[in-house]
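Order of appearance sets the numbers: ligands from 1, and atoms from 1 within every ligand. Positions are given from 1 along the sequence.
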Amino acid sequence: MSKDKDKLRPATRLVEAGRRPEWTGAVVNPPVWRASTHLYASEADRKAALKNNRDGQFYYGRRGAPTQWALAEALTEIEPGAHGTVLYPSGVAAISGALMAVLRPGDELLVCDNAYEPSRAMAMGLLKRWGVSARFFDPLDLDAYAAMFTDKTRAVWLESPGSLTMEVCDVPAQAAIAREKGAVSLLDNTWATALGFPALKHGCDISVMSLSKHVGGHSDLMMGSASAGERYYRALRRTAQQIGHVVSPDDAALALRGLRTMGLRLERSTANARTVAEWLSGRSEVAQVLCPLLPGDPGHALWSRDFSGGCGLFSFILASDNPDAQAQLVNNLELFGIGYSWGGFESLALPFDAKSIREKMPWPPHKAETGGGHGIRLSIGLEDPEDLIADLERGLAATGNA
Ligand SMILES: *Cc1c(COP(=O)(O)O)cnc(C)c1O
């Protein structure tokens, strides 16, 4: 990045990032370069490319072409402190790719107890098979976390707010403790993105995102990324090249298009989510709203201290003990789709129960005095929040606990 670009504010960076004239030519966006074979000008040129494994150099399709390079560079430019970004075919591929880049057999990984479920599964499944052991920690108990490090602890996996249950963690303190103990800190930063939480500036070594969520933004692509400073970027890149991770140029072009409006979409979905969450807090059918945007939420103070933005994703717990209440609610929604993923322009609702995917944290949380821990996660999109509230009112009425 040039010196001048360094000074740009985030909104301007989203517009400018990754648009190098040598990649875009005379048009605004880099064209979709579909390429397996890059042709060399001469044999000397091909031999030079073999020796020169630099970014932004044609080699073979597995190392990408300008469409993918532009997206990777754009993500690097919006992540202060990043030297580079590796793209992966999904967010989960970014998680496994990043962990495999830093872990070796015999190492131990510490994983926050509120991590995304496939991250847990990877720690207990794939990584175990590769000779890496994993233990979970309560991300709200810094002393207990600090006491868990051993000589074998090579890395910590962080996520904030936690998946489904939305606890905001003191990531700057967690990353600082990891560094002091000689461990690499990796953060799943899908919720906030670099716009809401500049992870490397807050002390994390590697920032991972599912681009299928906010960056894509339109529920039509799967992709992931990991950004890091120079040392860990090299490790990420080497491992991704060895595994053979590559993303399609068509998807990269879609992700770049999504990125340009991500700031605006996040602002609007955050405002909509706050409106809907406040309304849910006043409903008798709701035992507890889990949303750090709300001043009464246990995570609000840390969120206000560390984050400069939010998004449309939060959860709530139904007051009803009835095991059918979640289905009754979502089956009666007309605007909210029932589905995985989130961060799109459209709103989604997902029933969940966190009991089986928490080891160190109680579920339901202590504060929910009523209710059986029947949770609903909402991804609030760009609709008018009053229409979404009317839809939820219909759904809540169907839970039979008004
Ligand atoms: C969805 C998600 C992922 C995985 O991303 P995919 O692109 O669906 O593979 C990772 N982390 C979090 C927090 C997610 O919600």
Q: Please state whether Tyr340 comes within less than 4.0 angstrom of ligand 1, counting heavy atoms only.
A: no

Q. Taking NZ, NE, NH1 and NH2 as the nitrogens, is one of them in Asp107 or Arg154 under 4.0 Å from a carboxylate oxygen of the other?
A. yes

(Q) Just by distance, no angles: are the side chains of Arg63 and Asn53 close enough, under 3.5 Å, to form a donor-acceptor pair? (A) yes

Q) Has ligand 1 got any nitrogen or oxygen that is less than 3.5 angstrom from a nitrogen or oxygen of Trp342? A) yes

Q) Less than 3.5 Å between some nitrogen or oxygen of Arg377 and one of ligand 1, yes or no? A) no

Q. Taking the six-membered ring for Trp, are Phe352 and Trp363 ring centroids under 6.0 Å apart?
A. yes

(Q) Please list, in number order, the atoms of ligand 1 under 4.0 Å from a heavy atom of Ser163. (A) 13 (C)

Q) How close does the nearest protein non-hydrogen atom get to atom 6 (P) of ligand 1, and which residue and atom is it? A) Gly91 N, 3.3 Å

Q.
Angle between ring planes, Trp69 versus Trp23, binned at 30° and 60°: parallel, tilted or perpendicular?
A. tilted

Q: Measure from atom 3 (C) of ligand 1 to every heavy atom in Trp191, Tyr88, Tyr116 and give the option owning the shortest one.
A: Tyr116

Q.
Taking 4.0 angstrom as the limit and counting only heavy atoms of Ser90, give me the atoms of ligand 1 inside it, by number and element.
A. 7 (O), 9 (O)

Q. Does ligand 1 have any atom that is closer than 4.0 Å to a heavy atom of Ser341?
A. no

Q) Any ion pair linking Arg34 and Asp250 (charged N to carboxylate O, less than 4.0 Å)? A) yes

**Q.** Those atoms of ligand 1 less than 4.0 Å from some heavy atom in Val92
**A.** 4 (C), 5 (O), 6 (P), 9 (O)

Q: Check if Glu159 has a non-hydrogen atom at a distance under 4.0 Å from any atom of ligand 1.
A: yes

Q) N/O of Met222 under 3.5 Å from N/O of ligand 1, yes or no? A) no

(Q) Rounded at 0.5 Å granularity, tell me how far OG in Ser160 sits from CD in Gln174. (A) 7.5 Å

**Q.** Closest approach of any protein heavy atom to atom 12 (C) of ligand 1, naming residue and atom
**A.** Asp188 OD2, 3.4 Å

**Q.** Whether Ser90 side chain and Ala93 backbone form a donor-acceptor pair below 3.5 Å
**A.** yes

Q: Kindly say whether Asp387 contributes a backbone atom to a donor-acceptor pair with the side chain of Asp391 at under 3.5 angstrom?
A: no

Q. For ligand 1, which atoms, with element, lie under 4.0 Å from some heavy atom of Ser212?
A. 6 (P), 7 (O)

Q. Would you find a donor on one side and an acceptor on the other, under 3.5 Å apart, between the side chain of Thr399 and the backbone of Leu329?
A. no

Q. Of all the non-hydrogen atoms in the protein, which one sits nearest to atom 1 (C) of ligand 1, and at what distance?
A. Lys213 NZ, 1.4 Å

